[in-house]
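What follows is a single structure, written as structure tokens, with notes after it.
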Amino acid sequence: MRKIIGALLVLGICSVICGAAVGMVYAQSSDEKREEFVYGVNAFNGSLYHGTFYPPSVDTLYLLADEINIVSPRKTLLYYWPVTNEYKADWDTLSENVEGVLEIISQGQMIASLQPKDYVIQYPKGITRGDPQIFLGDDAQTKYEQWSDELQAYRFAVAAYYEASRIFTVTLDDKIEAGTITSADDVLVSAPDRPAEFVYSSTKVYRGMPVTLSSGNYEIRLRNGEGEIVENSVKKLVVFQRDRVGVGYTVIPEDKWTTPEDTQRPDEIVYVRSNNVLYLEPYFESEYNEQYFVHLEAPQAPRFGNAGWLWVKEGKFVPNDLQISRGKMWLRAVSFEDYMVRQIPGKALGYEILEWQEGISQGMRERSPDFSAFRLVVDHQIQDIALYLVGDNDVAVGGSSRTLDAVREFGSGELWLPALLPVAVGLAIVGTRRYSLRRYRAVITEASTEQ
Amino acid sequence: MMMTAVKSAERIRAVVTIHKRDMRLALFGPALHVVTTLSILIAVVIIRNYLNYIKANGIYPMPDLFSFPFRWAIIATGVYLAFSTVVTISRERESGTMELLFYGPVDHVSYVFGKYMAQVTLYLMILALYTVCFLTLSWMARIQLSASFFIMILLSVFTGSYLIAIGIFVSSVSRSVRNATLVFLGIVMGALLIQGIQSWLSNIAPESDYYNPVLLLQQVVSWIQVTLTWLSPFSYLNHGVDEMLRGNMKAFVGTIALAISFCLIFLASSVLGLKFRGVRQ
């Protein structure tokens, strides 16, 4: 036993010392930038394309199944960035496409040989709204030109707006000087309209291999023009898909609207303080293997020894009414409304949440709502209340149900009372035993005295 | 045939006798009651923190408010019961009591199962006591105990029994009380600390390159953790609860099946270990 423990200790110490020695040797060159082969990847994460790269130190790529992902073999300058414990790429100095064919192998068989293509990724409704579109080959150039034309047109419109505003201001000044303004309408009607904000977003036209695979484990490698495998290009590829979909809620307490909480697990219990008002903002969400998803977005993140599951927030949506029930008894429905937040005037810090219409009627500037949500008033009677959404067909939306439970407020000393139960049980058992032993001894002593 | 039946009856009688004796020793001593009280106190502290958070922030979404504190209480109790088995068996061997028992109708199988059954019965009794405590807490805070809470209690029966089987195995192959205690505490502390070590290591930013010792250690710790996931009763408990909350009852039942399998493997190994190691000091 001692020999085994000793051998294990020696082995452990040696491995740490060897590791440290190797690390020190390599550390001497850690400031240098080195030209390296990397895979640049535009990976779809369920709501948008996430650009990242895989240095030689990372041996596995992670991609979502049945989606177009772009893998671009590149040469760049790599340097080590100790602050975040990862490699960074100096794309500005060197970003060179490595020509070749991307081979995808599954169970020892080559299943695809992908040539590079032009691609462009666009967000017609803006990046923050998600819903990306990817165009490949000739379409990429066409769509990029279309975006450029629209951007140009927007710039012209903005220039025209500023010119019109300048003319309007000069004309207004002239009219005021001439005394020809008779009503407020004279000022407002003729004011130029600002062009709508340009949210349409696009990348440039890049080159890469579009990879669309079903979930599974693969291997990839790049074969160059001479038919050789490019150094550092052989990597494992894990293609995965969401495990579940559901509806998450951002829960905003009325008195703490700046610190909302998210409830992401379906059938989770939302414990609430009674006499409280809550706002629930629903959003779509998907559940992924935590290890896979984290490494899809951050390939150099440390590996988890024991990875679990991760709910990932996706797009917001406009739902039907929120249904409230207790057990099988339906109680009521709450409608989805727009809300505005107003800072309370005066010295006291704080906010006030108003319905959008109410805010406008109280003189707030007309603007898009700050958030849209279901409003719930929590009183002390709320116990084991079920919340869920229904679709257009009146069927409950899967993964949208939650339970609401109002917690009773009580003094902190009260809570310790149940801890007395094991004490009481212990005292009863030990006390009974000691009492019976004493009686038993007394009986024996009595019996021996009588003899 | 007759001989086998007589032998089985003798063995069962020996198991029952050891079971009763160990139960009495544990119940009539103060240590078990101190541990149960402390475990419930830990659980109450955690629940109190949750309730204070809800009071301050208005909300706290979670799968079950009582699940985590209950797990802490039963883990602490399970570790104590397994540890007490380690100490009892090693002490009986050191003092010669074990040898004396084996001159009578006690054999390796009846000894191991008698010890195991005693600790498992105690564990079940404590589970019942904790359930009463948590029911009282839920009534006081007016929080309903969810179905998942009771399913977790069911899972904890199997993971707790597995932990006790590990304790019996360690003591059956150890030479002395000191060795057995050190090995058992090392295993338990290692299993509990490995997760903390991994998150600590992953937050270190080493100034080095690909073959950094910290990265090497991260990898080694990660492999150890994967191995522990397959062996540790704590991991089975957490994994089983997570899968049950995800609605993956197949994985939940699989976790129970694995816990039972490993429990039987460790009990069988304990019998073999006892035969191999012998009953003398």
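Predicted model, so just to flag it, every value in this text is computed and none were measured. Just the heavy atoms: all of them, side chains too, but no hydrogens, waters or symmetry mates, feed the values below. To find a chain, count down the sequence lines: A is the first, B the second, and so on, and within it residues start at 1.
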Step-by-step side chain to side chain contact (heavy atoms under 4.5 Å, CB included) determination, B:Ile59 to A:Leu278: CA-CA 9 Å; B:Ile59 51 165; A:Leu278 302 176; 3.5 Å; yes
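If you take CD on A:Glu268 and OH on B:Tyr60, they are separated by 10.0 Å, rounding to the nearest 0.5 Å. Rounding to the nearest 0.5 Å places CD of A:Glu414 at 12.0 Å from CZ of B:Arg48. The CH2 atom of A:Trp416 lies 11.5 Å from the CD1 atom of B:Ile40; values are rounded to the nearest 0.5 Å.
Among the residues in residues 243-252 of chain B, those with a non-hydrogen atom closer than 4.5 angstrom to a non-hydrogen atom of chain A are B:Glu243, B:Leu245, B:Arg246.
Using a 4.5 Å heavy-atom cutoff, the side chains of A:Val407 and B:Arg142 are not in contact. Residues A:Asp262 and B:Pro61 fail the side-chain proximity criterion, which asks for heavy atoms closer than 4.5 Å. Contact check for A:Val423 versus B:His33: no side-chain heavy atoms found under the 4.5 Å cut-off.
If you measure heavy-atom distances from A:Glu287 to chain B, the contacts under 4.5 Å come from the side chain alone. No part of B:Ala43 comes within reach of chain A, as not one of its non-hydrogen atoms sits under 4.5 angstrom from that chain. Within the 4.5 angstrom heavy-atom criterion, only side-chain atoms of B:Leu51, from C-beta onward, approach chain A. Only the side chain of B:Ser146 comes within contact range of chain A, judged by heavy atoms closer than 4.5 Å.
Sequence neighbours left out, the pairs with a member in residues 77-87 of chain A that pass salt bridge (charged side-chain N to carboxylate O under 4.0 Å, His left out) are A:Glu86-A:Lys88.
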